Amino acid sequence: MIWRDSAQPLLPEHAAAPLPGTYNRYPAHPLGNGKIQTGYTSLANWIVQHPVVVIDGYAGIFWEKIYTSLKLELARMGVNVRWYDMHCCLKDSRHIQDLVAPFIGNEGDVWGTKTSLHITDFFDEEKIAALLPEGPYDLHIIYGSGAALAHPTAPVIYLDLPKNELQYRMRAGTITNFGNSTAGGSAEMYKRFYFVDWVVLNNYKQTLQQRIRIMADTQWPDHIAWAFNHDLQEGISRLARSTFRVRPWFEAGAWGGQWLKTHINGINTEEINYAWSFEMIVPENGVLFESDGYLMEIPFEWMMYTQHTAILGDHADIFQYEFPIRFDFLDTFDGGNLSIQCHPSMDYIRAHFGETFTQDETYYIMDCKDDAAVYLGFREGIDPEAFKTKLENSRDLGIPVEITDFVQKHAADKHTLFLIPNGTVHSAGANNLVLEISATPYIFTFKMYDWLRPGLDGKPRAINIDHAFHNLDFSRQGKAVKDQLISKPAVIDKGENYQLVHLPTHAEHFYDVHRLEFSGSVNITTNGLCLVMMLVEGSSVTVTTANGHTTTYHYAETFVIPAAAVSCRITCNNEGPVKLIKAFLKSSHPVFNQIAST
């Protein structure tokens with residue numbers, strides 16, 4: 001059976017050193033010797049020390065595999081076990097579908113609204129009450145998502161799954177949404193996951209932090225890696241005071257290119273293209289830990305639940321568990337143009353989709369060919385209604401649109417920063433590698449024109465003209481585009497073999513961007529801010545934080561220096577100067593009060 005649908009390899013069970021001087025696809029953080037256990041035998045050995053155990057977990061878990069594997073181990077040990085399946089306590093699928101319907105819209109809709117439901121809404125209270133462990137058994141095990149609801153004091157084993165692997169299982173049709181009895185189409189499943197399941201289960205697992213004794217990574221089909229929660233929390237605490245990377249992952253797309261194939265060591269070169277590399281998108285990425293060569297991954301939100309103050313510093317009270325800055329690559333080298341698109345305003349995304357803040361972007365040109373371009377802003381004096389009519393005719397009748405009759409096309413040059421506040425019409429043209437620096441929400445792209453091409457599945461991609469025209473800012477046209485939407489670099493600090501370049505962002509952006517250009521070493525302080533960084537020119541740098549933690553980062557790798565790291569020394573590891581991008585939240589911004597009040 002095909003249990004996952006992806007050209008990307010599974011995370012290796014054992015750590016392997018990357019080739020020296022190359023981008024590391026599996027950036028693992030040491031947890032210490034003897035901290036990660038593997039296999040069902042070791043887990044069963046711990047379970048039998050307790051009369052009652054709860055095995056709870058996330059969506060997408062292969063619960064039948066967990067059950068049969070542990071049942072076999074416990075039978076081999078001669079333990080008399082009574083099992084309680086929490087899924088039997090769920091309300092029926094039709095009831096749950098009615099429950100979630102207001103948040104996922106009609107079938108075929110691209111978006112929904114983040115739910116206000118709680119996990120208890122999915123269960124029948126009387127059925128849960130009937131699960132009380134009883135009878136002459138050596139061991140009672142309650143298992144399934146929500147299992148901790150059935151017993152208030154039993155130790156909890158929490159099974160988790162990286163979001164990319166959950167989506168690969170979703171595409172293969174081997175999992176269902178929480179409370180569903182059958183799988184649906186992947187687009188509908190993802191929408192339900194994003195707007196309902198992830199919200200409900202993330203809120204729920206926050207409540208379990210003090211009860212969880214063991215955390216387990218279940219992304220492999222026949223393997224499990226686990227660690228005691230107190231060991232993981234110690235590791236997370238260390239990272240929140242030093243520096244870390246999340247595990248990146250890569251996806252093909254309709255417009256995808258070939259740059260990542262030729263520059264990322266070990267990537268699957270048989271894939272048709274790579275449109276994205278998710279370098280730092282908190283709802284999607286995980287954090288890797290290593291012990292004695294064994295690897296284990298946890299979703300990044302676990303770091304935010306326990307260490308958001310250390311990570312975000314002065315902005316922790318504003319953003320709480322949401323990490324506000326995202327880095328990702330858009331690869332169009334020998335590929336195509338992105339769709340002509342825009343993103344929603346702050347008021348619109350909150351009112352229609354339930355998000356806390358919106359997606360204000362920038363495009364940093366990491367690499368490009370001579371003919372590369374970015375579409376940004378409107379031409380002077382365009383007629384919005386004429387533009388809308390052209391777009392609708394294209395959508396409905398398949399008529400091409402001469403986009404440059406309406407949208408400006410700008411030459412792309414390396415290290416240029418294009419500013420894309422919400423409501424701005426934009427697209428990355430072919431033959432770019434774009435480092436997209438953005439506020440975190442990332443699925444709310446209103447496509448207006450997609451060059452009449454199908455998606456990789458051969459089907460038309462969704463076009464959202466009405467949503468777009470409720471958000472487009474038509475004042476961003478003519479000369480104002482070059483004046484206001486292409487950053488004007490300015491040197492704001494300088495020393496021997498060093499300069500700090502400010503790449504000012506738009507007033508709508510609540511984050512700012514600097515570029516450090518230096519040889520030798522530089523010292524930087526966090527000043528209470530979280531710094532998201534990437535080496536955009538040069539081979540590698542070594543970062544030594546105030547607590548003595550030392551890590552080397554290579555070209556194109558994204559890393560975080562949390563506010564609690566306080567300071568660090570960054571050393572250039574090649575002869576020539578390096579260029580290092582630094583994104584951080586502005587000290588104050590009008591939108592912060594609005595976010596904090598959510």
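If you're wondering where the values come from, they're calculated on a predicted model, not measured in any experiment. Reckoned from all heavy atoms, side chains included, excluding hydrogens, waters and symmetry mates.
A parallel orientation is assigned to the rings of Trp259 and His263, their planes being inclined by less than 30° (bins at 30° and 60°). Using a 30° and 60° split on the angle between ring planes, Phe353 and Tyr348 fall in the perpendicular class, above 60°. Between Phe474 and Phe378, the ring planes lie parallel to each other; the angle is under 30°, not in the 30° to 60° tilted range. Classified by interplanar angle (parallel below 30°, tilted 30° to 60°, perpendicular above 60°), the ring pair Tyr194/Phe444 is perpendicular. In this pair, Trp276 and Phe278 present their aromatic rings parallel. The plane angle is below 30°, not in the 30 to 60° band.
Using a 4.0 Å cut-off between a side-chain N of Lys or Arg and a carboxylate O of Asp or Glu, Asp450 and Arg453 qualify as a salt bridge. For Glu284 and Arg326, the salt-bridge test fails: no basic side-chain N is under 4.0 Å from an acidic carboxylate O.
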Tyr375 vs Trp451, test: ring pair (Phe, Tyr, Trp, His ring centres under 6.0 Å). Steps then yes/no. CA-CA 13 Å; Tyr375 298 87; Trp451 315 95; 5.7 Å; yes
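Open room surrounds CG on Asp317; 12 or fewer heavy atoms of other groups in view lie less than 6.0 Å from it. The environment of Lys488 atom NZ is dense: over 12 non-hydrogen atoms of other residues, nucleotides or ligands sit within 6.0 angstrom.
The distance from atom CZ of Arg350 to atom CD1 of Ile595, rounded to the nearest 0.5 Å, is 7.5 Å. Rounding to the nearest 0.5 Å places CD of Gln341 at 10.0 Å from CG of Asn464.
Here the rule is side chain to side chain contact (heavy atoms under 4.5 Å, CB included) with Cys342, and of Met448, Gln359, Arg476, His470 only Met448 fits it. Here the options are His426, His352, His467, the test is ring-ring contact (aromatic ring centres under 6.0 Å, His included), and the partner is Phe446; only His467 passes.
Applying the salt bridge (charged side-chain N to carboxylate O under 4.0 Å, His left out) rule to pairs touching residues 369-384 yields Asp334-Lys369, sequence neighbours excluded.
Among all heavy-atom pairs drawn from Leu456 and Gly253, the shortest one is CD1-N, 3.6 Å.
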Contacts table for residues 534-546: side-chain donor-acceptor under 3.5 angstrom, sequence neighbours left out:
unit_1: Glu537; atom_1: OE1; unit_2: His415; atom_2: NE2; d: 2.8
unit_1: Ser539; atom_1: OG; unit_2: Asn574; atom_2: OD1; d: 3.1
unit_1: Ser540; atom_1: OG; unit_2: Asn573; atom_2: ND2; d: 3.1
unit_1: Thr542; atom_1: OG1; unit_2: Thr552; atom_2: OG1; d: 3.0
unit_1: Thr542; atom_1: OG1; unit_2: Asn573; atom_2: ND2; d: 3.0
unit_1: Thr544; atom_1: OG1; unit_2: Thr550; atom_2: OG1; d: 3.2
unit_1: Thr545; atom_1: OG1; unit_2: Asn547; atom_2: OD1; d: 2.7
unit_1: Thr545; atom_1: OG1; unit_2: His549; atom_2: O; d: 3.3

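Neither side chain, Glu322 nor Thr440, offers a donor N or O lying under 3.5 Å from an acceptor on the other. Side-chain contact, Ser6 with Gln8: no donor N or O sits under 3.5 Å from an acceptor N or O.
Remark: Lys191 is not positioned above the aromatic ring of Phe195, lacking an NZ or CZ atom under 6.0 angstrom from the ring centre and at most 45 degrees off the axis.
Scored by the ring pair (Phe, Tyr, Trp, His ring centres under 6.0 Å) test, Phe327 finds no partners at all (sequence neighbours excluded).
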